[in-house]
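Structure, as structure tokens:
What you see below is based on every heavy atom in this structure, not just the backbone, and it leaves out hydrogens, waters and symmetry mates.
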2 protein chains.
Amino acid sequence: MDRIQLQNSFEAYFNELGYDIDWQRLTVPMEVHVIQKGDYLFQQGDAANRLYFLHSGLMRYVSVSDEGKEFTQTFAKSPRIIGSTKAMVTETRVLFGIQALENCMVSSYPWQAFYAQMRHDMGFLECYARFLERIFIIKEERENAFVKHSAERRYLDFCAAYPELKNTLPQQQIASYIGITPVALSRIRQKLKLSQG
Amino acid sequence: MDRIQLQNSFEAYFNELGYDIDWQRLTVPMEVHVIQKGDYLFQQGDAANRLYFLHSGLMRYVSVSDEGKEFTQTFAKSPRIIGSTKAMVTETRVLFGIQALENCMVSSYPWQAFYAQMRHDMGFLECYARFLERIFIIKEERENAFVKHSAERRYLDFCAAYPELKNTLPQQQIASYIGITPVALSRIRQKLKLSQG
DNA sequence: TTAGGCAATTAACCTAGGTTAATTCTTTCT
DNA sequence: AGAAAGAATTAACCTAGGTTAATTGCCTAA
């Protein structure tokens, strides 16, 4: 995949929302990142004020607490935009790292420069709003699940939401997505196995 | 406060972000809601696809689980936009109710009609993006606090973030914001009192 | 083929926070 | 002022999930 193709599929991803975007405005140079399985696109605490696009592969957002506990905020499957909205917008350090769970191909633009050019495009602004609405809603639903449901229920919901990841992902990562330890997850799986024959 | 004044302060709130917005476009009629302390602007499960603006007073977003547990997602102090982005945008039922903690004055517009008119205004689109960025970042930070910090730490953070609410709000509500029971909060306060003389 | 290393399970024990209920302290209403 | 209702505290007990560690299974590399 060469740069032109990457650029095209990035644009196509936006265009699919149905707004008319004039991509000629965009002249800031794109960067390409090839991330090997297990490696990080960026680490918690970095200054990651870029807009990233995941062309191929699977990644996870992982934040680690002071005591060294890992928490998986999200799994991200290509194609989609990835990165930290907070770090992009407020120029602060990022609260989580993004790790490749498979070999990944990512492209990126520096957000400030990108936005400075594209903000004059109505279609882009609407796309961006749709994007923000979507990620907000997802966060809200996840918050809801966390405060209203037990770990067992969250595990079942995970299985329903990500049937393909359920069997391929190491259970440590599933546990850290649910917000419990691998030991606790194992216990829950054991219990579920018994209770349904 | 008459309708014109309400309209003006609504517009002023947006204008403060520094974008140029042509409010002449907006012709959908505004509604006014006066909510008494303790009452709800809308209840969990309602269809609340309106854009609300809190002119005066204090409210909280509260969602209740199947088992009847209350969880306070946010406290909202005027002036600010309130409501459910998810319910507005996706026309689904709202996941939480909004309750007045003081007597409140709220105005509102039906979101679809409002957006249909204002989406042609560049300044508005940018404002809306700033708004979405902000609420997303706040959610992200709260998620972070929940998964990384203990209840005790979350209480201390609450006290630092809302010094004025700390003493005026009933502790049940503080507890439900932190995600624990009033009994547990009382225990934590007791412990803190001892440990610092 | 086997040794080394990691992932998952299991068991024993621990702890933060939930539950219930009794007690005290505050409001508020008459 | 006194009664009634609600808010906060305290205590006793319970439970989900954390912690540590031993055991088993699986994969890979020599």
Query raised in the report: Should the pair A:Lys191-A:Glu152 be classified as a salt bridge under the 4.0 Å nitrogen-to-oxygen rule?
Result: yes

| task | Please answer whether the main-chain N or O of A:Ser63 pairs with a side-chain N or O of A:Gln73 as donor and acceptor at a distance below 3.5 Å. | result | no

Separation of C:dG17 atom P from B:Phe146 atom CZ, nearest Å, is 11 Å

Please indicate whether B:Gln24 has more than 12 foreign heavy atoms, meaning atoms of other residues, nucleotides or ligands, lying under 6.0 Å from its CD.
no

Taking C-beta and beyond as the side chain, do B:Phe42 and B:Ile98 meet within less than 4.5 Å on heavy atoms? yes

Requested in this report: Return yes if some donor-acceptor pair links the side-chain N/O of B:Asp46 with the main-chain N/O of B:Ala48 below 3.5 Å, else return no.
Outcome: no

Set out, line by line, the N/O atom pairs under 3.5 Å between protein and nucleotides 26-28 of chain D.
none

message: For A:Phe124 together with A:Phe114, are the ring centres under 6.0 Å from each other?
response: yes

Can you list, pair by pair, the side-chain donor-acceptor contacts under 3.5 Å of residues 179-189 of chain A, counting residues two or more places apart and other chains?
{"residue": "A:Thr181", "atom": "OG1", "partner": "A:Ala184", "partner atom": "N", "Å": "3.2"}
{"residue": "A:Arg189", "atom": "NE", "partner": "A:Gln171", "partner atom": "OE1", "Å": "3.1"}
{"residue": "A:Arg189", "atom": "NH1", "partner": "A:Tyr155", "partner atom": "OH", "Å": "3.0"}

When rounded to whole Å, the NE2 to C1' distance for the pair B:His149 and C:dA16 reads 17 Å

Rounded to whole Å, the CD-P distance (A:Glu152 to D:dT15) equals 15 Å

Rounded to whole Å, the CZ-P distance (B:Arg153 to C:dG17) equals 14 Å

B:Glu67 atom CD is separated from D:dA16 atom P, nearest whole Å, by 12 Å

- Task: Verify, without hydrogens or angle tests, whether A:Gln99 (side chain) and A:Gly38 (backbone) share a donor-acceptor contact under 3.5 angstrom.
- Result: yes

**Report entry** Ring centers of A:Phe146, B:Phe146 separated by less than 6.0 Å
**Finding:** no

In B/S/- notation (B base, S sugar-phosphate only, - none; protein heavy atoms under 4.0 Å), nucleotides 4-9 of chain D written 5' to 3' is ---SSS

Atom CD1 of B:Ile180 and atom P of C:dT19 are separated, to the nearest Å, by 12 Å

The correct set of residues in residues 154-168 of chain A placing a heavy atom under 4.0 Å from DNA chain C is none

Contacts satisfying side-chain hydrogen bond (donor to acceptor under 3.5 Å, both in side chains) that involve residues 123-137 of chain B (not counting sequence neighbours) are A:Tyr115-B:Glu126, A:Tyr115-B:Arg130, A:Arg119-B:Glu126, A:Tyr128-B:Glu133, A:Glu133-B:Tyr128, B:Tyr19-B:Arg130, B:Arg130-B:Glu133

When rounded to whole Å, the CD1 to P distance for the pair B:Ile188 and C:dA16 reads 10 Å

query = Do any side-chain nitrogens or oxygens of A:Lys69 fall under 4.0 Å of OP1 or OP2 in D:dT19?
reply = yes

- Query: Are the side chains of A:Lys139 and B:Phe136 in touch, meaning some heavy atoms are under 4.5 Å apart?
  - Reply: yes

Just by distance, do the side chain of A:Asn15 and the backbone of A:Glu11 share a donor-acceptor pair under 3.5 Å? yes

Rounding to the nearest 10°, end axes of the helix from C:dT1-D:dA30 to C:dT30-D:dA1 built from five pairs each make an angle of 40°

### Message
Any heavy-atom pair between the side chains of A:Met88 and A:Leu51 that's under 4.5 Å?
### Response
yes

Phosphate OP1/OP2 of C:dG18 contacted by B:Thr181 side-chain N/O (<4.0 Å): yes

note: B:Leu192, atom CG; C:dA16, atom P; distance rounded to Å ~ 13 Å

For a quick check under 3.5 Å, do B:Glu70 and B:Gln172 share a side-chain donor-acceptor pair by atom type?
no

